[in-house]
Amino acid sequence: EKGGWDSFMDKEIHEDPAAVQRTLLGRLDKNGDLNLDEVRIEEHELKAIDKIIVVACGTAAYAGQVAKYAIEHWVRIPVEIELAHEFRYRDPILTPRTLVVAISQSGETMDTLMALRHAREQGSKVLAICNTQGASIPRESDAVLYTHAGPEVAVASTKAFVAQITAAYVLGLYLAQVKGAMFRDEIQATLDALKAMPRKIQWILDTQAATVRKAAEQLTDAKSFLFLGRHVGYPVAMEGALKLKEIAYTFTEGFAAGELKHGPIALVDEGEPVVFIVPPARGRNVLHAKVISGIEEVKARGAAIIAVAEEGDPDVERYADIVFWRPKCPTLMSPLVDVVPLQLFAMDMAKLKGYDVDKPRNLAKSVTVE
Ligand code: F6R
C-alpha cells in the first residue's frame, strides 16, 4: 500500500508533483476555455461576484491564504480568508454577490460544513475545493472543483495542500476569464507557469532531500522553531510551523516576517532556529530585501538561520546556516515548491524522534465534530 515507502507521509510528499499535475489535467475545453468540474451557478451570477470568502481549517486554510494573493491580483476582487469555525459565529456579511469557497481535503470537516450551510442560508453561493468525490462538502455546494491528489492517508496533509493551491489558482483564472479580468493569453501564460511546477517540485525532491535530512539531524533536539515569511511566504511559514508541531511535537510559531520587530524578536536568542521563506531575488524585488533584513536582524542575535530560497541567492548564501534551495519560479508559484522541503523536514524530525509520522497523537484524519 505504501508503494515501497516506509510511511504514507513519505509516499504522499513524493506525490506532490503528481497531485499538482492531475489537478490541472483536463481543465481546458477544445476552445481553450477553462472548465470547473460541476458548476450549478448561472454565468450572470458568477460575473456579478464582487467578493470571495474562503472558509477552511488548518492546512486547507493556509492554502486559501496563499490563493488570496493570486486571486486578488488576477481578478481584482477582495478575497477574505477565514477559519470556518470563526466565520459562522461572527455574523459575516454575505450577499448573493459573495462567493464562499470551502476548501477541504476530506470534505467532511464539520466546522467547514457548518460554515458553508450558514453561507447558503444567507443567500451566498458556495464553491467547494475538495479531494474526496461525493463527500458532504461538495454535495452541499453550488459548484465543485476537485483536487485530484488521490487519497491522503497520513494524518498530516501534504499533497492535498499543493493540490488545493493549484485548484484555487484554477478557480482564480476561471473567474478572471468569466469576468474578463485578464486577457486570454495572460491566462494561458499563467496556466503554463502552473504546468511547469510539477517538474520544479520534483527537482526539490530529487536534489534537496539529503540537505533537509541533514538539517533535521542537526536540529533534532531543538526545543522550538520560528517560521517567518512575507506575502505568499507567510502562509507557507504558517504551514511549515503547523507540520512540525503536528508530527514532531515541537513548539513552533509561524508569523509574518514584518511582525518580527513588533514583538516576536524578543524570543530570538543564541542558537534559536529560525526558518525564513525568502522570496525570489530577481529584479528589484522589494519583498526580498525586506526578508533579508529580517534575516540580518535575527542573525545579529545569534539565531541559527534556515532559509528556503531561490537557487544561488547570494544574500542567502551569506547569512544562512542551512539552505533548502528552490528552482526559479514566479513569486505566486513559489508556495508550491517552498512547502515541500518543510514537509520533508517535519517528517524527518518526527522520524528521528521516533514518532509515528502517519498517526500523530491526539489527531484524526477528518474532524467530524464541531
Ligand atoms: C494538517 C491537517 C489539518 C487539516 C484540517 C482540515 O496537516 O491535516 O489541519 O488540514 O483539519 O481538514 P480538511 O482539509 O479535510 O477539511
Side-chain angles (χ1 to χ4, degrees), residues 7-13 15-16 19 23 53-67 81-88 100-117 119 126-141 144-168 227 235-250 252 254 335 339-340 342-347 349-350 355-370:
S7 65
F8 280 106
M9 188 176 185
D10 219 330
K11 172 174 180 270
E12 289 162 7
I13 294 172
E15 288 170 351
D16 281 345
T23 299
I53 305 180
V54 179
V55 293
C57 304
T59 292
Y62 296 136
Q65 205 180 331
V66 167
I81 156 83
E82 186 148 7
L83 295 169
H85 35 88
E86 285 293 317
F87 170 80
R88 190 162 162 242
V100 170
V101 177
I103 307 182
S104 175
Q105 188 285 129
S106 63
E108 300 296 346
T109 300
M110 190 56 73
D111 287 319
T112 309
L113 185 60
M114 295 309 264
L116 87 79
R117 282 185 186 159
V126 175
L127 181 143
I129 291 179
C130 184
N131 198 44
T132 313
Q133 294 270 343
S136 306
I137 288 171
R139 257 198 343 258
E140 294 198 23
S141 297
V144 187
L145 181 49
Y146 281 108
T147 48
H148 298 287
E152 196 178 60
V153 177
V155 164
S157 191
T158 55
K159 62 177 179 172
F161 177 73
V162 290
Q164 284 158 349
I165 294 172
T166 306
F227 284 76
V236 171
M238 301 296 292
E239 171 62 6
L242 176 63
K243 283 290 93 87
L244 195 54
K245 76 179 68 150
E246 184 178 24
I247 62 166
Y249 317 145
T250 309
T252 62
V339 75
V340 180
L342 305 182
Q343 295 171 343
L344 289 170
F345 183 66
M347 180 182 70
M349 288 283 286
Y355 300 139
D356 180 344
V357 297
D358 289 338
K359 289 195 179 63
R361 66 187 184 202
N362 309 339
L363 290 169
K365 183 62 183 163
S366 80
V367 185
T368 53
V369 290
E370 238 195 307

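Because the structure is predicted, anything quoted here is derived from the model rather than measured. Both counts, for ligands and for their atoms, begin at 1 and track the order of listing.
- Evaluation of the salt bridge (charged side-chain N to carboxylate O under 4.0 Å, His left out) test over residues 144-153, restricted to residues two or more places apart or in two chains, returns E152-K365.
- Taking every heavy atom of both residues into account, M238 and Y62 meet most closely at CB-CE2, 3.4 Å.
- The closest protein non-hydrogen atom to atom 12 (O) of ligand 1 is T109 OG1, 3.5 Å.
- Summary of contacts: the protein heavy atom closest to atom 15 (O) of ligand 1 is S106 OG, 2.7 Å.
- The shortest non-hydrogen separation linking L145 to A167 is CD2-O, 3.2 Å.
- The shortest separation from a heavy atom of V155 to ligand 1 is under 4.0 Å, placing the residue in contact.
- Within ligand 1, the atoms closer than 4.0 Å to a non-hydrogen atom of A60 are 10 (O), 14 (O), numbered from 1 in the order shown.
- Protein heavy atom in closest approach to atom 5 (C) of ligand 1: C57 O, 3.6 Å.
- T59 N, 4.1 Å is the protein heavy atom nearest to atom 3 (C) of ligand 1.
- Checked by atom type, the side-chain pair Q164/T147 shows no donor-acceptor distance below 3.5 Å.
- For the side-chain hydrogen bond (donor to acceptor under 3.5 Å, both in side chains) test with K243, the passing option among T59, T158, T252 is T59; the others fail.
- Within the 4.0 Å heavy-atom criterion, neither part of T112 lies near ligand 1.
- Across T23 and A149, no two heavy atoms sit closer than the pair OG1-N, 4.3 Å.
- Protein heavy atom in closest approach to atom 11 (O) of ligand 1: V367 CG2, 4.3 Å.
- For atom 14 (O) of ligand 1, the closest heavy atom belonging to the protein is Q105 N, 2.6 Å.
- Proximity of E108 to ligand 1, defined as any heavy-atom pair under 4.0 Å, is not found for any part of the residue.
- Between K365 and ligand 1, no N or O atom pair is found at a separation short of 3.5 Å.
- Remark: ligand 1 atoms within the under-4.0 Å shell around heavy atoms of A156 are 7 (O).
- Atom CD1 of I247 and atom CG of L242 lie 10.0 Å apart (nearest 0.5 Å).
- Residue-ligand proximity, S104 to ligand 1, at heavy-atom distances under 4.0 Å covers atoms 13 (P), 14 (O), 15 (O), 16 (O).
- Of all heavy-atom pairs between A56 and T112, the closest is CA-OG1, 4.1 Å.
- By the ring pair (Phe, Tyr, Trp, His ring centres under 6.0 Å) test, F87 pairs with no residue at all, sequence neighbours left out.
- Checked against a 3.5 angstrom limit, the closest N/O atoms of G58 and ligand 1 fall outside it.
- E246 OE2, 3.6 Å is the protein heavy atom nearest to atom 2 (C) of ligand 1.
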